[in-house]
Amino acid sequence: MKRPLLLSLLGASAGAALACTSLIATPGATADGSSIITYAADSHTLYGDIEYKPAADHPAGAMREIIDWDTQRHLGQIPEVPHTYAVIGNMNEHGVTIGESTWGGRHELEGTGLVDYGSLIYIALERAKTAREALDVMTGLVRDYGYASEGESFSIADPSEVWILELVGKGKTDPGAVWVARRVPDGYISGHANFPRIHQFPLNDAETLYSPDVISFARQQGYYDGKDEDFSFSRAYYGPYDMSGLRGCDGRVWSYFNRFNSEMSPYVAWITRGEGDVLPLWVKPEKKISANDMKWMMRDHFEGTPLDMTLDVGAGPFKVPYRWRPMTYEVDSVEYMHERAIATQQTGFSFVSSMSADRPDAMKGILWYGVDDANTCVYVPIFNSANQAPHELARGNGDLYTLSWDAMFWVNNYVANQAYNRYSQMIPDIRRVQNGLEADAEAQVLEAEKAVAGLGYADAQTQLQQLTNDFAARATKDYKALGDYLFVKYLDGNIKKERDGQFARTPEGVPEYPVFGGYDDPRYFENIVREQGDRLRVIEIK
């Protein structure tokens with residue numbers, strides 16, 4: 001989704017600029033040999049739900065409508081194919097999954113063709129059985145019908161392999177696009193977060209594909225004049241690098257790499273100052289990564305790194321790892337910026353997609369799906385064989401301006417928005433419920449894998465759909481109860497005492513006196529004294 005340009009960092013609306021993160025782990029890098037990609041759709045105006053589109057047969061001459069994903073504008077039509085596959089969210093019935101992040105690039109290159117970036121994703125999912133087929137569909141669409149969006153990175157995955165595709169339009173004079181795609185080597189991890197990650201690339205390699213004019217067009221436009229082998233797609237088509245792209249975007253990928261590879265410290269200079277070597281496109285993790293690891297990576301706020309958002313004074317007295325927009329500010333005519341972490345308050349939905357050919361066909365793709373802030377959400381298992389969206393996540397159950405207490409998006413917001421005020425005090429209570437639910441979900445999925453192994457596809461589909469529906473209902477109910485509990489326990493700045501799982505009362509039934517939670521960071525008081533001097537000092541009265 002839309003790149004957080006400096007314009008939007010400063011608070012300009014531009015459609016409430018969107019921003020996304022996609023992390024990648026190849027089969028050789030994961031604990032169970034699955035391909036894993038993640039995605040967070042971050043937007044101040046995006047409601048978190050999920051759409052199901054069934055498989056369909058189409059008559060000769062049928063047309064496929066193109067609707068811009070962000071604006072919902074009708075862009076036109078293209079010929080439909082005879083058969084389209086079922087799609088649930090960003091995964092299709094074959095387990096192919098696609099995520100994205102928008103980096104914008106040079107403004108004069110915004111696409112003027114027919115197919116926007118969101119349509120590229122969903123048309124590819126409707127038409128492709130493998131990641132390579134999806135890549136062919138996407139690049140074929142922009143070749144034949146032109147591209148209608150800004151610069152974009154895509155993660156394209158199936159149970160065997162993961163590709164990164166980076167693509168940008170050609171501006172007003174040509175509706176087409178230039179692009180480069182690289183397969184992430186097996187055993188490695190990668191990612192992108194609103195910044196083009198492909199720099200130099202091999203020109204004669206079966207695992208690297210690119211448009212024929214990707215270098216010549218850059219020369220024609222005056223973006224590059226060096227040797228072909230030294231060409232950097234990122235530098236040519238992004239334009240001048242800035243802190244928005246490096247610290248605000250590449251910094252998120254660095255945090256992922258840093259979690260699983262101990263040699264990432266030198267790249268702090270790159271993400272904070274644009275110095276030294278560029279962040280590599282992929283690195284080898286020092287341990288095998290699980291889907292659960294990836295869920296927790298999506299909850300990252302740079303904890304344990306020099307960019308840790310819980311440690312600076314901006315976190316306030318409750319160590320809040322969030323910063324409200326705008327992201328830049330001035331002090332004494334000097335501009336500064338907040339950190340931008342993977343986990344953020346304005347997420348519409350996020351997922352961790354695990355794809356494995358070793359699981360039964362009806363569950364070779366598992367889309368662990370969450371809505372609202374990834375840090376506080378509960379990930380629901382949705383399978384590639386899904387034939388409906390669970391009610392709690394279904395489109396039409398509430399929207400951004402219509403509260404629904406049985407919509408997962410709203411109950412997650414009920415919990416998260418209370419924690420934003422007193423994070424360090426409330427997050428242990430949230431983690432207790434969140435961890436319990438997700439542990440149960442993972443155990444249920446393992447049991448289901450055994451239970452459906454000998455079943456036909458239709459029977460397996462029925463059981464797995466019921467698992468999804470039941471868990472979504474349970475997680476929503478439990479989170480509504482959690483929100484109620486937080487509201488009562490932390491009312492008016494107090495913390496109510498508990499005993500045997502209940503709020504404590506005296507033998508006569510009177511509520512016991514609460515604990516005064518106070519403030520968790522002594523710097524809160526130190527800053528008051530620095531600012532106010534002796535105005536609030538306690539003195540002896542004679």
Side-chain angles (χ1 to χ4, degrees), residues 1-21 40 42-45 101-107 150-151 193-196 238-255 267-276 279 300-303 305-347 373 375 417 420-424 519-533 535-536:
M1 290 184 167
K2 300 291 186 183
R3 162 197 177 195
L5 294 164
L6 192 58
L7 179 69
S8 61
L9 286 174
L10 289 167
S13 61
L18 311 174
C20 305
T21 304
D42 301 332
S43 164
H44 298 273
T45 58
S101 69
T102 306
W103 41 269
R106 297 179 184 271
H107 298 298
E150 300 175 279
N194 308 116
F195 185 75
Y238 183 86
Y241 287 166
D242 52 27
M243 291 301 292
S244 168
L246 299 185
R247 190 169 194 138
C249 299
D250 237 15
R252 286 174 264 161
V253 179
W254 172 83
S255 192
Y267 295 101
V268 173
W270 164 253
I271 61 173
T272 58
R273 301 188 300 278
E275 298 172 356
L279 190 68
D300 181 69
H301 304 104
F302 298 109
E303 285 90 347
T305 79
L307 281 63
D308 192 329
M309 295 176 71
T310 67
L311 299 181
D312 68 75
V313 71
F318 299 110
K319 298 181 173 59
V320 180
Y322 297 92
R323 305 294 182 269
W324 311 136
R325 273 47 177 175
M327 288 186 65
T328 60
Y329 53 96
E330 284 191 9
V331 176
D332 298 330
S333 300
V334 177
E335 187 176 33
Y336 299 86
M337 67 181 291
H338 295 302
E339 306 292 2
R340 198 319 194 168
I342 293 173
T344 185
Q345 64 274 12
Q346 73 273 8
T347 300
D373 187 346
N375 181 46
N417 277 267
Y420 296 153
N421 296 315
R422 294 163 68 186
Y423 184 82
S424 56
Y519 300 93
D520 286 359
D521 191 334
R523 289 178 301 177
Y524 176 76
F525 302 109
E526 293 167 2
N527 286 331
I528 292 175
V529 173
R530 288 193 191 101
E531 180 183 278
Q532 297 297 318
R535 188 180 74 84
L536 299 172

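These numbers come from the heavy atoms of this one structure, side chains and all, not from hydrogens, waters or symmetry mates.
Partners of Arg530 according to the salt bridge (charged side-chain N to carboxylate O under 4.0 Å, His left out) rule, which considers only residues two or more places apart in sequence or in another chain, are Glu526. Legend: residues meeting side-chain hydrogen bond (donor to acceptor under 3.5 Å, both in side chains) with Thr305, ordered by chain and number and at least two apart, are absent. For Gln346, the side-chain hydrogen bond (donor to acceptor under 3.5 Å, both in side chains) test picks out Thr344, with sequence neighbours left out. Judged as a side chain to side chain contact (heavy atoms under 4.5 Å, CB included), and not counting sequence neighbours, the contacts of Val334 are Tyr336. Applying the ring pair (Phe, Tyr, Trp, His ring centres under 6.0 Å) test to Phe195 and every residue at least two apart in sequence or in another chain returns Tyr238, Tyr241. Residues satisfying the salt bridge (charged side-chain N to carboxylate O under 4.0 Å, His left out) test with Asp300, not counting sequence neighbours, are Arg259. Residues passing the side-chain hydrogen bond (donor to acceptor under 3.5 Å, both in side chains) test with Gln532, sequence neighbours excluded: Arg535. For Phe525, the side chain to side chain contact (heavy atoms under 4.5 Å, CB included) partners at least two apart in sequence or on another chain are Tyr519.
No side-chain donor-acceptor contact under 3.5 Å links Arg340 to the backbone of Gly251. With hydrogens and angles disregarded, a donor-acceptor distance shorter than 3.5 Å links the side chain of Asn194 to the backbone of Thr102. At distances below 3.5 Å, at least one donor-acceptor pair connects side-chain atoms of Ser424 with backbone N or O atoms of Phe318.
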Review item, side-chain donor-acceptor pairs of residues 268-275, under 3.5 Å, at least two apart:
{"residue": "Trp270", "atom": "NE1", "partner": "Asp250", "partner atom": "OD2", "Å": "2.9"}
{"residue": "Thr272", "atom": "OG1", "partner": "Val268", "partner atom": "O", "Å": "2.6"}
{"residue": "Arg273", "atom": "NE", "partner": "Glu275", "partner atom": "OE1", "Å": "2.9"}

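Annotation: salt bridge (Lys or Arg N to Asp or Glu O under 4.0 Å) contacts involving residues 308-323, sequence neighbours excluded, comprise Asp312-Arg323.
Looking at heavy atoms from C-beta onward, Trp324 lies out of side-chain contact with His338 at the 4.5 angstrom threshold.
Summarising the geometry of Tyr322 relative to Ala343, their closest heavy-atom pair is CE2-O, 4.4 Å, with the distance given to 0.1 Å.
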